[in-house]
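Note that this is a predicted model, so its numbers are computed, not measured.
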Amino acid sequence: MTHLVRSSTALAFKLSAVCIGLFSGTFSSALLASPLTPVALKPSQSDFGGVGLMQMPSGRMTAEGEFNFGVNVNDDYQHFYTSIQLFPWLESTIRYTRVPDMLYNANPDYSGDNLYTDKGIDVKLRLFEEGYWLPETSIGIRDIGGTGLFDGEFIAATKRFGNLDVTLGMGWGYVGQSGNITNPLCKASDSFCERSTETKGSGGSIDAGRWFHGPAALFGGIEYQTPYDPLRVKVEYDANDYSQDFPFLKGGKPMPQHTPWNFGVLYRLGDWGDTKVSYQRGDTLTVGLNLYTNFDQLEAIWRDEPKSAVTRRPVANPNWDEVSEQLASNAGYEKNTIRQDGDTLIITGQQTKYRDREEAQDRAAAILANHAPESIRTYRIVEQRNGVDLTKAEISASGYKKVANHDYIGAKISDVTTHSEPKTPVAGQQLAQHKQRWGAGISPVLQQSFGGPESFYLYQIGFNTNANVWLTNNLEASGSIYVNLTDNYDKFNYVDNNPHISNFAVPRVRTMFRAYVHDNPVRLNNLQLTWFEQPLQQVYTQAYAGYLETMFAGVGGEVLYRPLNSNWAIGVDANLISQRDPDSWFGTYSDPYVYYDGYNASNCSTGDVSCQAYVLDQGTTGQITTYYTPQWEWIDNTLFKVSVGKFLGGDKGVRVDFSKQFKSGVIVGAFATVTDLTTEEYGEGSYNKGFYVSVPFDIMTIKPSTSRANIAWQPITRDGGQMLSRKYHLYDLTDARSPWFERKSQVSETK
């Protein structure tokens, strides 16, 4: 059995952590090391590249894959943040800053008693790694896509001297508000001497024109690793004088800086977290907590049945039904068929157990080697998904026996395996078949958003009861019923008479979700027929019809061109849709305008949002999507998805989705959608965006699996840039063509 790189507490935290963030900064920890000798920080011994304890950033980066969730609280602010070290050279932080005693909006009908909340994204890029003489040096930008209330930039350099970590840096904007030096960029252009005071109230827009402009200030600090290993002490010189902070400017709350010196202590709880206390500005006490894990280092804990040992004894009369069962249970090839064509034994099946295809093929070959007649020279494994062929692996029978019995040093199955297109239909005499025509199950559901006007955190928790049956090898009937367990969407007033809607720029394609969930806690989620086909080599298709998701019914199809072992693919989908009536399991809207209770056409004027909603009675949506996995080392294990087309509300634009996969198989991603809607038409947030984490089941359970748990969140829900939630995406289904989701697992097994 493997051990987790972090404790089970950290893993549980990882799955429940949400996308919230603080200012990217404080000083990294020191280790007991000889002077001038750079030593790699353990994640729990860093303050995550400078997130969290005090105010000023450091130049340090943590280990790739390091994930941190933190909370800091004082009388002036409540800071929540998550940070991820995406690459050795790039750290990203998503933060929420709440301001006590200040409301989100002065109008109680708009936001009730919800506190003012600022959302922002911070990035930090490493310029130089630490060397014998050279400090680790980074450049960073805070609040890159927020309102501009807390935006700032910095350059920081950090060097370790024994038990001391020393940082010196320069800041602009919120980081350098004290202006204790002249902005050196003023010498290049006078425009750098002034920083615009205008902020982007709707949020979400990048205002690069403010970067490195205005006052500049020097900052610095020292962190000391005490002889008592869990305890670290920090002192910093603050470059912000807090004279332009939001609580003071908007609320008149005094925020005097009695001293620029801040003091703090951190107590390490273990490899999974820190507690911390700091004293700032001479009068402000801040307490906080950080929790850690590392997505690159997580390992699976498997209690799996062993691979079959290969014997040298031939089998005269194999029990092929037993072989078929073993291929399903031990090697993971469900719905398999065994055929013989001359001296070739052909296995077709769907891999549902191992993300590592070599592991699956090794186990299948071992089973076949123990049962195949002496006349068999080749094992051919054709992997299918939903009735269509994806890949073909041919394994030399004699060569595999040498590999299995370790007849030479470094023997591995790839030595005797060739991969190619499954170009011809599977032929030969059928020996056995493992049938699995239907399935049923229950899957948990969590949907959430943060920082909205009505509530800081909106959520729904429930489960889907799922069932499917294969009418033919390529035609599936499937359905699911959603049962809502709990939610707080009753706080969401974006349903009827409310001040949020100011126009009918797009239909209410997503902002009526409260009516589908809170007001109807048990409802038909999905009911559709789906047909899969491979009309041409390297071309895959699907067609579907029915109730496609919670909010929409319709018909549609998708075509994907995906060459074998290629790092790119291109697909197109097109759909004719109607918005479902939330008060009916099977009904759809027949008119684009729906009147609220108590209103009708006679007492509601055209365009009056207080008495009617604009819905999508009938429409079209579809995109052309390009998939690309770069082969560049500096952004390794990443996937770009760029979709161009028409979105649910009829707006047209482009969606960019970027994701990074770590060695454990955990995927972290973000997307942004910009359409032809203006920021005023879209509303708060300016454009659609969101974040997600995809976690392989087999690092959460003791059994190998190709399934995943997906945790997603959006800063705010609006109607622009929204996509149809299709059940299947061909790029995911054809992953075996060039594995992205299903890579090798980091695992040790217990038998």
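A distance of 9.0 Å separates OG in Ser83 from NZ in Lys124, rounded to the nearest 0.5 Å. Note that OG of Ser686 is 8.5 Å distant from CD of Glu680, once rounded to the nearest 0.5 Å. The line from CG of Leu86 to CZ of Phe67 is 10.5 Å long, rounded to the nearest 0.5 Å. With rounding to the nearest 0.5 Å, the separation of CG in Leu724 from CD1 in Ile577 is 6.0 Å. Between the NZ atom in Lys652 and the CG atom in Leu677 there is a gap of 10.5 Å [rounded to 0.5 Å]. To the nearest 0.5 Å, atoms OG1 (Thr530) and CG (Asn474) are separated by 12.0 Å.
Qualifying side-chain contact (heavy atoms from CB on, under 4.5 Å) partners for Ile442, counting only residues two or more places apart in sequence or in other chains: Phe463, Thr465. Not counting sequence neighbours, the partners of Phe658 by the side-chain contact (heavy atoms from CB on, under 4.5 Å) test are Phe87, Thr638, Phe640. Listed by chain and residue number, nothing satisfies the salt bridge (charged side-chain N to carboxylate O under 4.0 Å, His left out) test with Lys641 (two or more places apart in sequence, or in another chain). In this structure, Ser590 has no side-chain contact (heavy atoms from CB on, under 4.5 Å) partners at least two apart in sequence or on a different chain. Qualifying side chain to side chain donor-acceptor pair (under 3.5 Å) partners for Asp617, counting only residues two or more places apart in sequence or in other chains: none. With sequence neighbours left out, Tyr489 forms a ring pair (Phe, Tyr, Trp, His ring centres under 6.0 Å) with Phe513. Contacts of Asp608 classified as salt bridge (charged side-chain N to carboxylate O under 4.0 Å, His left out), with partners at least two apart in sequence or in another chain: none. Phe246 pairs by the ring pair (Phe, Tyr, Trp, His ring centres under 6.0 Å) definition with Tyr116, not counting sequence neighbours. Applying the ring pair (Phe, Tyr, Trp, His ring centres under 6.0 Å) rule to Tyr589 yields no partners; only residues at least two apart in sequence or on another chain are considered. Applying the ring pair (Phe, Tyr, Trp, His ring centres under 6.0 Å) test to Tyr104 and every residue at least two apart in sequence or in another chain returns nothing. Partners of Val445 according to the side-chain contact (heavy atoms from CB on, under 4.5 Å) rule, which considers only residues two or more places apart in sequence or in another chain, are Gln447, Gln460, Asn464, Tyr482. A search for salt bridge (charged side-chain N to carboxylate O under 4.0 Å, His left out) contacts involving Glu549 returns Arg510, not counting sequence neighbours.
Between the side chains of Lys646 and Thr620, at least one donor N or O sits under 3.5 Å from an acceptor N or O. For the residue pair Asn575/Tyr544, the side-chain donor-acceptor check at 3.5 Å is satisfied. Side-chain atoms of Asn688 and Gln714 include a donor-acceptor pair closer than 3.5 Å. For Asn466 and Ser443, the side-chain atoms include at least one donor-acceptor pair closer than 3.5 Å. The closest side-chain donor-acceptor pair between Ser478 and Asn468, if any, does not fall under 3.5 angstrom. When only modelled atom types and interatomic distance are considered, Tyr692 and Asp657 share a side-chain donor-acceptor pair under 3.5 Å. Remark: the Asn525 side chain and the Ser480 side chain contain an N/O donor-acceptor pair separated by less than 3.5 Å. Side chain to side chain, Asn114 and Ser455 fail the donor-acceptor criterion of an N or O pair below 3.5 Å. A donor-acceptor pair shorter than 3.5 Å can be found between the side chains of Ser643 and Thr625. When only modelled atom types and interatomic distance are considered, Arg562 and Thr734 share a side-chain donor-acceptor pair under 3.5 Å.
Remark: Arg655 qualifies as a cation-pi partner of Phe671 under the 6.0 Å distance and 45° angle criteria applied to the six-membered ring. Remark: Arg508 is not positioned above the aromatic ring of Tyr614, lacking an NZ or CZ atom under 6.0 angstrom from the ring centre and at most 45 degrees off the axis.
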Is there a ring pair (Phe, Tyr, Trp, His ring centres under 6.0 Å) between Tyr457 and Tyr459 once you walk through the steps? CA-CA 6 Å; Tyr457 181 46; Tyr459 67 91; 5.5 Å; yes
For Glu681 and Arg718: C-alpha separation, side-chain torsions, deciding distance, then whether side chain to side chain contact (heavy atoms under 4.5 Å, CB included) applies. CA-CA 10 Å; Glu681 289 172 330; Arg718 292 294 178 258; over 6 Å; no
Applying side chain to side chain contact (heavy atoms under 4.5 Å, CB included) to Asn488 and Leu458, what does each step give before you reach the verdict? CA-CA 6 Å; Asn488 66 344; Leu458 289 172; 3.7 Å; yes
Residue pair Thr588, Arg580: steps toward the side-chain hydrogen bond (donor to acceptor under 3.5 Å, both in side chains) verdict: CA-CA 4 Å; Thr588 60; Arg580 297 173 61 185; over 6 Å; no
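Proximity of Tyr627 to Leu560: side-chain heavy atoms (C-beta onward) are separated by under 4.5 Å at one or more points. Within the 4.5 Å cutoff, side-chain heavy atoms of Asp698 are placed close to those of Arg355. Here the side chains of Tyr687 and Thr679 are not in contact, with every heavy-atom distance at 4.5 Å or above. Between Phe691 and Ile121, some side-chain heavy-atom pair lies under the 4.5 Å cut-off. Val594 has its side chain out of reach of Tyr599: every pair of non-hydrogen atoms, C-beta onward, lies at least 4.5 Å apart.
Salt bridge Glu684/Lys119: present, at least one basic N to carboxylate O contact under 4.0 Å.
For the side-chain hydrogen bond (donor to acceptor under 3.5 Å, both in side chains) criterion with Tyr540, the lone passing option out of Arg385, Arg737, Glu558 is Arg737. Checking Phe69, Phe456, Phe80, Phe150 one by one against Tyr96, the ring-ring contact (aromatic ring centres under 6.0 Å, His included) holds for a single residue, Phe456. Under the side-chain hydrogen bond (donor to acceptor under 3.5 Å, both in side chains) test applied with Asp487, the options Arg514, Gln448, His518 reduce to a single match, His518.
Here Tyr728 and Phe532 bring their ring centres to under 6.0 angstrom of each other. Ring to ring, His79 and Tyr77 are close: their centroids are under 6.0 angstrom apart.
Classified by interplanar angle (parallel below 30°, tilted 30° to 60°, perpendicular above 60°), the ring pair Tyr561/Trp568 is tilted. The aromatic rings of Tyr547 and Phe586 sit perpendicular to each other, their planes meeting at more than 60°, with 30° as the lower class boundary.
In Leu125, the CG atom is crowded: over 12 heavy atoms of neighbouring residues, nucleotides or ligands sit closer than 6.0 Å. The neighbour count for Asp113 CG, taken as heavy atoms of other residues, nucleotides or ligands under 6.0 Å away, does not exceed 12.
Between Phe552 and Val509 the shortest heavy-atom distance is CE1-O, 3.6 Å. Of all heavy-atom pairs spanning Pro696 and Ser664, the tightest one is CG-O, 3.9 Å.
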